[in-house]
Amino acid sequence: YFTGLSFQGEQRYADSITQLQAALDRSPRAVEPLVAMTKSYLALEQPEQALAALSTVLEENPTHAVAHNLKGEVHLMQNDLPAAEAALRTAIEQAPKFAAPYRNLSALYLRREDTDQAIRVLQEGYENSGDLSLLLQAAGREEQRGNSAEAMVLYRKALDAAPQTQVAKNNLAALLLDTQGRAGAEEALALVQGFENAQNPLYRDTLGWALFQSGRAQDALPHLEVARERAPNVGVIRYHLGRAYAATGRTEEARVELAAALEQSPSAPWIEEARQVLNSL
């Protein structure tokens, strides 16, 4: 197995398959060599050979959920959605607590432009597996399609299960600020109080914006400046910093930031407010 991985790292994919198959011959139920061998076949652009190898495994062990999931992934890569769906559904039936097939099945439904079903699969996967990443992905999908209320419900559910999940804290706080403004600032600030030294620029931006919306523009500036320094091409960060500069009388700097925000994110939901503030300076 490790020899196969070494060959794979050297892009000697045919050699890696030989070694990984030898590992599987010695331990037919092993998961890692099967995953790695499928990856090597795909690197060689040989999906049919990958499917044949997986079918051989499944002939000997029809309940092998990982093999069914890998078949689903290969079929999905080939855009054979009916075959992919059948394989992924079988993987879920064989191992309901296995998170990967739910994630792949959700991607399949997104390809069919069925976002409702994609989100339902992720939530079903979370309920069955307890894998928090599935719940967070479902919340993110709700957020992407503009369903802020349902996204917040799911982020709260994630925090009930794991109170220190930073991405859930950040995203819930950002949604509170976006949808409720100053009315949501107190709860948002409580969520992100631990972000004072966060390396993620989006987390520092959320903390700074929560401070701004709480009427503490001066306190917001250091966090927003750090966020801008680390992510200068993110329009919403430049917008937040421009608003904070304007509120603290730093007019020239506010103009620079707001102009950059308008250029970087010309269709953002805050664009009109940014223009109004810029024109008032």
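Atom set for the values below is all heavy atoms of this structure, side chains included, hydrogens, waters and symmetry mates excluded.
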Same cluster (ILVMFWY, side-chain, under 4.5 Å), F7 and Y41: no
Donor-acceptor pairs under 3.5 Å, side chain of residues 16-25 to any protein atom, not counting sequence neighbours: which ones?
from: S16; atom 1: OG; to: Y13; atom 2: O; distance (Å): 2.7
from: S16; atom 1: OG; to: S40; atom 2: OG; distance (Å): 2.7
from: T18; atom 1: OG1; to: A14; atom 2: O; distance (Å): 3.3
from: Q21; atom 1: NE2; to: D25; atom 2: OD1; distance (Å): 3.0

Value rounded to 0.5 Å, distance of OH in Y126 from CG in L135: 5.5 Å
Joint cluster assignment, I237 & Y245, ILVMFWY side-chain distance < 4.5 Å: no
Spacing of CG belonging to N197 relative to NE2 belonging to H223, to within rounding of 0.5 Å: 8.5 Å
Enclosure of R112 CZ (heavy-atom neighbours >12, cutoff 6.0 Å): yes
Closest non-hydrogen atom pair between L134 and G125, with its separation: CD1-C, 3.5 Å
Separation of L51 CG from Q49 CD (nearest 0.5 Å): 9.0 Å
V234 side chain reached by D205 side chain, heavy atoms, under 4.5 Å: no
E196 atom CD, over 12 foreign heavy atoms within 6.0 Å: yes
Residues which pass side chain to side chain contact (heavy atoms under 4.5 Å, CB included) with A67, listed by chain and number, not counting sequence neighbours: L34, L54, V57, L58, H64
N279 atom CG, over 12 foreign heavy atoms within 6.0 Å: yes
Parallel, tilted or perpendicular: ring planes of H240 versus W209, cut at 30 and 60 degrees: parallel
Closest heavy-atom pair and its distance - L177, A185: CD2-CA, 3.8 Å
Spacing of CD belonging to Q8 relative to OG1 belonging to T3, to within rounding of 0.5 Å: 12.5 Å
Trace of the side-chain hydrogen bond (donor to acceptor under 3.5 Å, both in side chains) decision for Q78 with E48: CA-CA 10 Å; Q78 295 177 308; E48 294 302 331; 2.9 Å; yes
Within 6.0 Å of CD in E10, more than 12 heavy atoms from elsewhere: yes
Salt-bridge contact K97-E127 (side-chain N to carboxylate O under 4.0 Å): no
Donor-acceptor pair, side chain of H68 and main chain of Q94, under 3.5 angstrom: no
Worked check of salt bridge (Lys or Arg N to Asp or Glu O under 4.0 Å) between D116 and R145: CA-CA 10 Å; D116 287 340; R145 66 175 179 174; 2.6 Å; yes
Same apolar cluster (I L V M F W Y, side chains within < 4.5 Å links), V256/F212: no
Modelled atom types, side-chain donor and acceptor of R111 and N79, under 3.5 Å: yes
Co-membership, hydrophobic cluster, residues L132 and F98, 4.5 Å side-chain: no
R204 (side chain) donor-acceptor with A198 (main chain) under 3.5 angstrom: yes
Atom of Y239, atom of A261 and distance for their closest heavy-atom approach: N-CB, 3.5 Å
Where P96 and N128 come nearest, the two heavy atoms and their spacing: O-CB, 3.3 Å
Stepwise side-chain contact (heavy atoms from CB on, under 4.5 Å) check, L122 with L136: CA-CA 9 Å; L122 292 170; L136 293 172; over 6 Å; no
Rounded distance (nearest 0.5 Å) linking atom CG of L44 with atom CD of Q11: 10.5 Å
pair I119-T115: side-chain heavy atoms closer than 4.5 Å: yes
Check against salt bridge (Lys or Arg N to Asp or Glu O under 4.0 Å), R243 and E257: CA-CA 8 Å; R243 291 288 306 277; E257 297 304 320; over 6 Å; no
Contact summary for L281 and L258, nearest pair of heavy atoms: CD1-CD1, 4.0 Å
Intermediate values then yes/no, salt bridge (Lys or Arg N to Asp or Glu O under 4.0 Å), R156 and E187: CA-CA 12 Å; R156 291 186 193 280; E187 183 182 358; 2.6 Å; yes
Any L110 side-chain heavy atom under 4.5 Å of E113 side chain: no
Residues E225 and R228 bridged, charged N to O under 4.0 Å: no
S148 side chain near D178 side chain, heavy-atom distance below 4.5 Å: no
Polar contact flag, side-chain donor to acceptor under 3.5 angstrom, S106-N104: no
Joint cluster assignment, V153 & L175, ILVMFWY side-chain distance < 4.5 Å: no
Greater than 12 external heavy atoms within 6.0 Å of Q144's CD: yes
Non-hydrogen side-chain atoms of Q199 and R230 separated by less than 4.5 Å: yes
Sidechain N-carboxylate O distance under 4.0 Å for E85, K71: no
Pair L42-E73, side-chain contact (heavy atoms from CB on, under 4.5 Å): steps then yes or no: CA-CA 11 Å; L42 295 180; E73 290 183 358; over 6 Å; no
Main-chain N/O of L262 paired to S265 side chain as donor or acceptor, under 3.5 Å: no
R103 CZ to Q137 CD distance, which is reported to the nearest 0.5 Å: 6.0 Å
Least distance between heavy atoms, P266 atom then I271 atom: O-CG1, 3.7 Å
Of all pairs that satisfy side chain to side chain donor-acceptor pair (under 3.5 Å), the ones with a partner from residues 164-173, not counting sequence neighbours: Y155-N171, Q164-K169, N170-T206
Test side-chain hydrogen bond (donor to acceptor under 3.5 Å, both in side chains) applied to D131 and Y102, step by step: CA-CA 10 Å; D131 189 315; Y102 296 103; over 6 Å; no
Stepwise side-chain contact (heavy atoms from CB on, under 4.5 Å) check, L191 with L159: CA-CA 10 Å; L191 285 164; L159 289 171; 4.0 Å; yes
